[in-house]
Trainee: 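Please read through the structure below; I'll follow up with questions.
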Amino acid sequence: MTQRIIYAIFTFLSVISYGQVKLTMKPDKSDYNGREVVNLTITLELNGDNLVQQSKLMLPDLSKFNMIGSGSFNQGVRDAETNTAIDEYVTRIALEPKQKGKIRIGSVLVTVNNKIYKTEPFDIFIRDIEKKPIANVSNDVYLNMEIDDREVYQDQPTVAVLRVYSKNIDNFRKVKNIKLPEQENINVHPVNLKRSEIDPSGYGNMASQILAVFMVFPNEAGYVEVPAVSASVNTFSNKSKIASNKVKLNVKKLPEGSPESFKNAVGNFKVDVFHSSKEKVEVKKPVNVTVKVSGEGNLADLNLPKIEESPDYDVFAPKITTRLSPGLTGLKGEVLAKYILIPKKAGDLIVKTEPFAYFNPAEKEYVNLGQEKLDLTSFSHDEVLEARSTVEKVNDYTNTLLETVDSPVLKTTSFKVKEKSKFNWNVLVVNLSILIVLFLVYLVFRNWQKNRNIIKEKPTSKPLGSVAETEQEIRESLKTDITDYFAYLENLKISGDYQKFFETFEEMDQEVRSQYFQSSKDDFKVFLERHNGKSVAESYQELLQKIQIEKYSPLTSEDSINDLLKDIVKLYSLISK
């Protein structure tokens with residue numbers, strides 16, 4: 001009998017030493033109220049060198065929950081006594097219950113060495129679940145906001161990634177109208193709103209796709225909750241809303257001992273002040289002075305250093321322009337504050353900015369840049385006139401005369417003498433070409449008029465008019481009624497039919513181009529540069545780029561379409577004059 005027991009013990013030990021698989025799934029508790037999150041922990045332990053996991057973990061049916069988060073890690077150790085490798089894989093899932101009462105959670109399956117292992121099913125109880133107005137459509141499309149770095153300093157950015165999950169890949173194209181979170185204690189700036197490639201192995205049996213990447217700048221210390229990102233799912237039958245999970249950030253307070261000039265700049269910055277014009281500064285004449293803050297950090301939200309007031313000059317509120325792009329530790333680029341100064345006296349002027357300091361989170365220290373200075377020398381009006389050359393004085397006198405004295409036939413201000421100007425042969429060639437075309441049109445028109453008079457029994461004489469009048473008649477016959485398009489675009493903006501909005505714009509643009517005998521957009525841009533100026537041509541090119549960005553952007557708002565419509569009305573009203 002003793003030998004049998006010893007033999008059984010050795011047999012059991014040999015089985016254990018050969019390999020052992022342990023698979024478990026446990027909740028954090030068994031009783032929840034409707035507001036609590038159900039946390040499941042799945043542990044797979046492989047005890048042995050010859051154990052091979054042949055399949056991923058197959059989750060049970062979780063359709064009675066909303067998945068609001070997940071994560072996994074693994075660790076491997078080797079037992080010194082038995083010299084056996086032990087690999088442990090831990091997966092945690094956060095679920096939000098959709099219904100109350102008793103809910104059974106099934107088994108998790110995994111295949112190891114051609115053998116299927118599973119966990120035991122168990123029950124949990126949900127009490128008084130809270131109904132939410134925003135629900136997932138058909139329980140098949142889920143949004144998840146992921147923020148890896150959840151511990152940052154105040155005004156230091158952290159990157160958030162918005163993903164969509166679904167069992168049906170076709171549902172991804174139905175997710176539209178993404179609205180990023182808005183809250184007073186955070187500033188949100190989009191980084192990339194282009195959709196990524198679809199990942200068929202997103203999680204479990206669901207595919208995933210990245211919808212947006214954005215930066216979150218918390219502007220107060222403590223625990224800050226980033227609100228959910230919302231979107232709409234448009235189907236043929238209805239339109240529903242879905243929302244992502246909320247994420248809590250641990251925002252560290254900035255260290256004590258900050259300089260008096262520190263306000264809210266966090267990152268790494270540089271301040272410059274300069275006067276770009278080469279003309280001499282004159283008393284009581286406006287002067288453009290620019291304060292530039294460049295670097296990387298919370299550039300879009302920091303308080304810029306202002307130009308200090310002085311009895312030597314008057315300073316007016318600046319115009320702010322930004323040139324920013326996403327960086328590794330925030331938004332990088334430059335912010336320009338363009339001021340207008342009016343000197344009150346002649347002589348040397350010192351333009352000073354306010355002291356500026358920032359906090360560098362990489363070095364964990366404050367950097368005080370102090371004040372920036374700009375030395376200017378202003379001259380009186382007589383001194384400016386004396387410094388001019390003889391040719392400049394003659395040109396100035398001629399321009400003044402032509403601006404103040406007009407001919408009753410021709411407006412003489414168009415003949416101003418421009419300094420250092422060269423004869424433009426391209427303009428001459430274009431004008432001659434236009435005159436030749438108009439002359440040919442005039443001949444065709446006169447021939448048609450003669451034939452028309454011969455056919456009539458009682459001809460009536462009618463003056464042909466000048467070439468300019470003939471050109472105007474042809475232009476008027478081809479002219480597009482642009483105001484009808486403006487009204488129709490306004491209605492499409494109000495109704496929210498953005499796809500039809502962009503189609504109507506393309507139709508309007510094509511008709512305007514045909515009015516000026518231009519087939520392509522590039523030819524029309526060249527035409528505008530020759531006849532309306534370079535600024536109008538550049539505005540046309542910028543508008544086309546804005547149209548393309550808004551047309552294919554997954555995040556389209558009524559405000560962006562409204563700004564786009566204003567630019568369209570302004571530009572095409574100028575072109576169609």
Side-chain angles (χ1 to χ4, degrees), residues 170-180 190 192-198 209 211-212 231-236 239 430 433-434 437 471-577:
D170 186 57
N171 288 332
F172 291 157
R173 64 180 180 85
K174 301 176 184 178
V175 180
K176 299 179 180 179
N177 301 326
I178 300 171
K179 293 186 178 181
L180 299 181
N192 188 0
L193 299 179
K194 294 183 179 180
R195 301 187 180 215
S196 68
E197 297 292 333
I198 296 176
Q209 184 183 38
L211 298 182
S232 63
V233 180
N234 300 334
T235 61
F236 292 106
K239 179 179 179 181
V430 171
S433 301
I434 293 175
V437 172
E471 181 189 6
Q472 184 65 24
E473 290 180 3
I474 295 174
R475 290 288 189 196
E476 290 296 329
S477 63
L478 296 176
K479 192 171 183 180
T480 303
D481 191 1
I482 204 73
T483 56
D484 292 342
Y485 278 104
F486 293 162
Y488 187 43
L489 289 173
E490 179 70 23
N491 293 334
L492 292 175
K493 182 203 74 173
I494 296 174
S495 62
D497 191 354
Y498 300 144
Q499 182 177 359
K500 188 64 176 177
F501 179 91
F502 294 118
E503 292 176 358
T504 305
F505 168 77
E506 292 293 338
E507 180 182 345
M508 180 191 70
D509 181 67
Q510 184 177 1
E511 289 199 17
V512 172
R513 284 189 278 111
S514 62
Q515 174 186 338
Y516 293 95
F517 308 102
Q518 304 297 323
S519 58
S520 67
K521 296 179 180 179
D522 292 336
D523 294 340
F524 190 48
K525 180 186 175 183
V526 175
F527 175 81
L528 291 177
E529 186 173 0
R530 289 177 178 176
H531 295 82
N532 296 79
K534 187 176 181 180
S535 61
V536 176
E538 290 178 352
S539 299
Y540 177 75
Q541 182 66 26
E542 291 176 358
L543 179 62
L544 294 181
Q545 292 176 355
K546 291 180 181 178
I547 290 291
Q548 292 298 318
I549 292 173
E550 291 295 336
K551 184 176 181 180
Y552 297 103
S553 174
L555 182 63
T556 303
S557 62
E558 185 178 350
D559 293 337
S560 61
I561 295 296
N562 187 36
D563 295 339
L564 202 59
L565 180 57
K566 290 181 180 178
D567 294 340
I568 292 172
V569 172
K570 180 180 179 181
L571 179 60
Y572 281 85
S573 298
L574 181 62
I575 294 174
S576 300
K577 280 186 177 180

Trainee: Surrounding CD of Glu529 (heavy atoms of other residues, nucleotides or ligands, distance under 6.0 Å), is the total greater than 12?
Mentor: yes

Trainee: Closest heavy-atom contact between Phe501 and Leu564?
Mentor: CE2-CD2, 4.4 Å

Trainee: If I take atom NZ from residue Lys546 and atom OG from residue Ser560, how far apart are they, to the nearest 0.5 angstrom?
Mentor: 11.5 Å

Trainee: Before you tell me yes or no, could you show the steps for Ile575 and Phe524 under side chain to side chain contact (heavy atoms under 4.5 Å, CB included), namely the whole-Å CA-CA distance, both residues' side-chain angles and the distance that decides it to 0.1 Å?
Mentor: CA-CA 11 Å; Ile575 294 174; Phe524 190 48; 3.9 Å; yes

Trainee: Taking atom CD as the centre, does Gln499 end up with more than 12 heavy-atom neighbours from other residues, nucleotides or ligands that are less than 6.0 angstrom away?
Mentor: no

Trainee: Set out, in order, the CA-CA distance, both residues' side-chain angles and the distance that settles side chain to side chain contact (heavy atoms under 4.5 Å, CB included) for Tyr488 and Met508, then state yes or no.
Mentor: CA-CA 11 Å; Tyr488 187 43; Met508 180 191 70; over 6 Å; no

Trainee: Listing request: all side-chain hydrogen bond (donor to acceptor under 3.5 Å, both in side chains) pairs with a residue in residues 531-543, at least two apart in sequence or in separate chains.
Mentor: Asp509-Tyr540

Trainee: Considering non-hydrogen atoms only, spot the tightest contact between Arg173 and Asp170 and give its length.
Mentor: NE-OD1, 2.7 Å

Trainee: Taking only residues two or more places apart in sequence, or in another chain, which ones meet Thr504 in a side chain to side chain donor-acceptor pair (under 3.5 Å)?
Mentor: none

Trainee: Report the distance from atom CD1 of Ile561 to atom CD1 of Ile494, rounding to the nearest 0.5 Å.
Mentor: 13.0 Å

Trainee: Considering non-hydrogen atoms only, spot the tightest contact between Ser520 and Arg513 and give its length.
Mentor: O-CD, 3.7 Å

Trainee: Please identify each residue that fulfils side chain to side chain donor-acceptor pair (under 3.5 Å) with Ser433, with sequence neighbours left out.
Mentor: none

Trainee: Between Ile568 and Ile547, does the side chain to side chain contact (heavy atoms under 4.5 Å, CB included) criterion hold? Intermediate values first, please.
Mentor: CA-CA 10 Å; Ile568 292 172; Ile547 290 291; 4.1 Å; yes

Trainee: Quick one: side chain to side chain donor-acceptor pair (under 3.5 Å) partners of Lys570, sequence neighbours excluded?
Mentor: none

Trainee: Name all residues meeting the side-chain contact (heavy atoms from CB on, under 4.5 Å) criterion together with Ser196; count only those two or more places apart in sequence or in a different chain, and write none if there are none.
Mentor: Gln209, Ile210

Trainee: Let me confirm one number: the CG-NZ distance from Asn234 to Lys174, rounded to the nearest 0.5 Å.
Mentor: 10.0 Å

Trainee: Quick check for you: to the nearest 0.5 Å, what is the distance between Asp567 atom CG and Asn562 atom CG?
Mentor: 10.0 Å

Trainee: If you apply the rule side chain to side chain contact (heavy atoms under 4.5 Å, CB included), what do you find for Phe505 with Leu544, and how did you get there?
Mentor: CA-CA 10 Å; Phe505 168 77; Leu544 294 181; 4.1 Å; yes

Trainee: Lys493: which residues meet the salt bridge (charged side-chain N to carboxylate O under 4.0 Å, His left out) condition with it, sequence neighbours left out?
Mentor: Glu490

Trainee: Rounded to the nearest 0.5 Å, what separation is found between the CZ atom of Phe527 and the CG atom of Asp522?
Mentor: 15.0 Å

Trainee: Salt bridge check: are Lys500 and Glu507 linked by an N-O gap of less than 4.0 Å?
Mentor: no

Trainee: To check you understand the geometry: which heavy-atom pair defines the closest contact between Lys525 and Ala537, and what is its length?
Mentor: O-CB, 3.6 Å

